[in-house]
Amino acid sequence: MSKEKILVIGANGQIGTALTQSLRQKYGTANVIASDLNTPLRSVIGIFEKLDVLDIERLRAIVLKYGINQIYHLAAILSAKGEQNPRQTWDVNMNALWNVLEIARQEHISKVYYPSTIAVFGPQTPKENCPQFTTMHPSTIYGISKQAGEQLCEYYFRRFGLDVRSLRYPGIISHESLPGGGTTDYAVDIFYKAVDGLAYECFLSQNTRLPMMYIDDAIRATIELMEAPKEKIKNRYGYNLQGVSFSPTDLAAEIQKQLPNFSISYKPDFRQAIADSWVCSLDDSAAKEDWGWEAKFDLARICTEMLTNLQARKSDRHNEYNEMTFL
Ligand code: NAD
Ligand code: AKB
């Protein structure tokens with residue numbers, strides 16, 4: 001019987017949907033409480049609580065009600081959406097984190113997970129094999145808030161001994177849950193078009209190479225980091241995480257190996273400047289050395305997984321896709 005009682009905040013999102021499922025398989029459905037602003041679109045077995053994490057007393061009430069001892073705090077506004085309302089993005093990304101860390105400190109939560117991102121890097125950062133510790137200077141409000149969030153997590157660890165752990169995710173590619181307004185969303189959208197036999201117009205230019213990762217790798221990394229013995233966690237900012245780096249052209253070529261009639265065109269919009277400010281690949285040797293991280297999905301395997309799964313779910317995924325919030 002698991003002793004863990006886990007709260008996932010932002011559980012309806014692209015990562016939260018998959019992470020909640022995996023945590024429930026591992027720790028038992030009743031031990032993982034999902035929460036988000038609204039009830040999930042698809043009904044899922046397990047406890048769900050409505051929570052605006054900006055409401056600190058509601059957060060405390062949920063923590064006390066279930067005897068929560070671990071929090072995975074995923075709620076955030078991502079890079080592209082963030083530029084549409086910088087003030088709100090700062091409020092959600094920073095004040096929510098502050099609430100989570102404060103409740104964790106006050107209510108003696110044993111572990112907190114905070115997802116960071118490649119958006120913490122900026123135009124002055126080395127583009128290839130980006131080091132763990134380097135010049136950052138992010139240029140989006142999302143990146144600025146996430147970098148400040150990393151600092152706040154490290155502060156809570158150093159000042160209060162809170163066991164808070166973090167990863168810098170690349171762009172995440174998934175088929176079960178949809179992305180929520182990022183710059184890397186094209187690498188999911190493209191598969192929906194390809195499977196439906198449609199051409200894809202990409203909002204990034206053809207050679208924009210970015211770090212990406214398949215959802216299974218991202219979820220495994222998250223759980224491995226959270227389960228690693230405390231003495232192995234030597235970095236309380238975010239660990240760099242490298243999966244696979246590719247451009248829209250590389251991705252289209254890989255899809256064409258399986259769907260030769262698929263075609264892509266390019267019409268870069270404001271997201272191009274965001275992508276240009278990010279790095280192309282990361283040095284994740286610290287994650288490998290400290291807690292044994294290793295990516296498993298290369299580009300070919302990601303394409304096969306995405307195309308096969310989206311084909312198989314063609315009828316039910318159409319409803320979701322129509323509700324999708326690609327910008
Ligand atoms: P998402 O946009 O798909 O989901 C975020 C969820 O948070 C949504 O369901 C939303 O309703 C919820 N939320 C927003 N404001 C809230 C609030 N005030 N209270 C409670 N819930 C709220 O995001 P995602 O892609 O699942 O990302 C999860 C985390 O991972 C984020 O912190 C993001 O910065 C980070 N991340 C994601 C990626 C990626 O490619 N998906 C890459 C790097 C980092
Ligand atoms: C985004 O594009 O904003 C996210 C991220 C890399 O953090 N996918």
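Counting convention: from 1, in listed order, for ligands and their atoms alike. Scope of the values below: all heavy atoms of this structure, side chains included, with no hydrogens, waters or symmetry mates.
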Co-membership, hydrophobic cluster, residues Tyr156 and Leu59, 4.5 Å side-chain: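 Same cluster.
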
List the closest protein heavy-atom neighbour of [atom]: residue, atom name, distance to the nearest 0.1 Å.
atom                    : value
atom 19 (N) of ligand 1 : Val53 N, 3.0 Å
atom 5 (C) of ligand 1  : Ala76 O, 4.0 Å
atom 22 (C) of ligand 1 : Ala75 CB, 3.5 Å
atom 20 (C) of ligand 1 : Leu51 O, 3.1 Å
atom 39 (C) of ligand 1 : Ile172 CG1, 3.5 Å
atom 14 (C) of ligand 1 : Leu37 CD1, 4.0 Å
atom 37 (C) of ligand 1 : Ile15 CD1, 3.5 Å
atom 23 (O) of ligand 1 : Leu78 CD1, 3.5 Å
atom 8 (N) of ligand 2  : Thr184 OG1, 2.8 Å

Whether [Y] and [X] form a salt bridge (side-chain N of Lys/Arg under 4.0 Å from carboxylate O of Asp/Glu) is what I want to check.
X      : Y      : answer
Lys65  : Glu49  : yes
Arg159 : Glu154 : no
Asp163 : Arg236 : yes
Glu150 : Arg168 : yes
Arg60  : Glu107 : yes
Arg165 : Glu227 : no
Asp216 : Arg220 : no

What atoms of ligand 1 come closer than 4.0 angstrom to any heavy atom of [X]?
X      : value
Asn12  : 9 (O)
Ser116 : 43 (C), 44 (C)
Tyr142 : 33 (C), 34 (O), 35 (C), 36 (N), 43 (C), 44 (C)
Leu74  : 28 (C), 29 (C), 31 (C), 32 (O)
Gly13  : 1 (P), 3 (O), 4 (O), 9 (O), 26 (O)
Gly171 : 40 (O)
Pro170 : 40 (O), 42 (C), 43 (C)

Nitrogen or oxygen of Tyr142 less than 3.5 angstrom from that of ligand 2: yes

What are the atoms of ligand 2, with element, lying closer than 4.0 Å to any heavy atom of [X]?
X      : result
Thr183 : 1 (C), 2 (O), 3 (O)
Gly182 : 1 (C), 2 (O), 3 (O)
Ile118 : 6 (C)
Leu78  : 3 (O), 4 (C)

What is the minimum heavy-atom distance between Ala80 and Ile274, and which atoms define it?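 That would be CA-CD1, 4.3 Å.
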
Whether Tyr114 and His73 hold their rings parallel, tilted or perpendicular, with breakpoints at 30° and 60°: parallel

Name the orientation class of the two ring planes belonging to Tyr113 and Tyr72 (parallel below 30°, tilted from 30 to 60°, perpendicular beyond 60°).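 Ring orientation of Tyr113 relative to Tyr72: tilted.
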
Within the structure provided, determine whether [X] and [Y] are in side-chain contact (heavy-atom separation under 4.5 Å).
X      : Y      : result
Ile264 : Ile190 : yes
Val8   : Ile6   : yes
Pro260 : Phe262 : no

Compare Ala80, Ser79, Ala119 and give the one whose heavy atom is closest to atom 1 (C) of ligand 2. Ser79

Look at atom 35 (C) of ligand 1 and find which of Ser145, Ala187, Ala18, Pro115 reaches it with the closest heavy atom.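 Heavy atom nearest to atom 35 (C) of ligand 1 belongs to Pro115.
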
Is there a donor-acceptor pair closer than 3.5 Å between any side-chain N or O of Thr134 and the backbone N or O of Cys130?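 Answer holds: no.
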
Do side-chain atoms of Ser177 reach the backbone of Gln14 as a donor and acceptor pair under 3.5 angstrom? yes

For [X], is at least one N or O under 3.5 Å away from an N or O on ligand 1?
X      : value
Gln14  : yes
Lys146 : yes
Ile9   : no
Asp52  : yes
Asp36  : yes

In Phe297, Phe191, Tyr169, the residue satisfying ring pair (Phe, Tyr, Trp, His ring centres under 6.0 Å) with Tyr214 is Phe297

Under 4.0 Å, heavy atoms only, figure out whether ligand 2 is touched by the backbone of Thr117, its side chain, both or neither. side chain

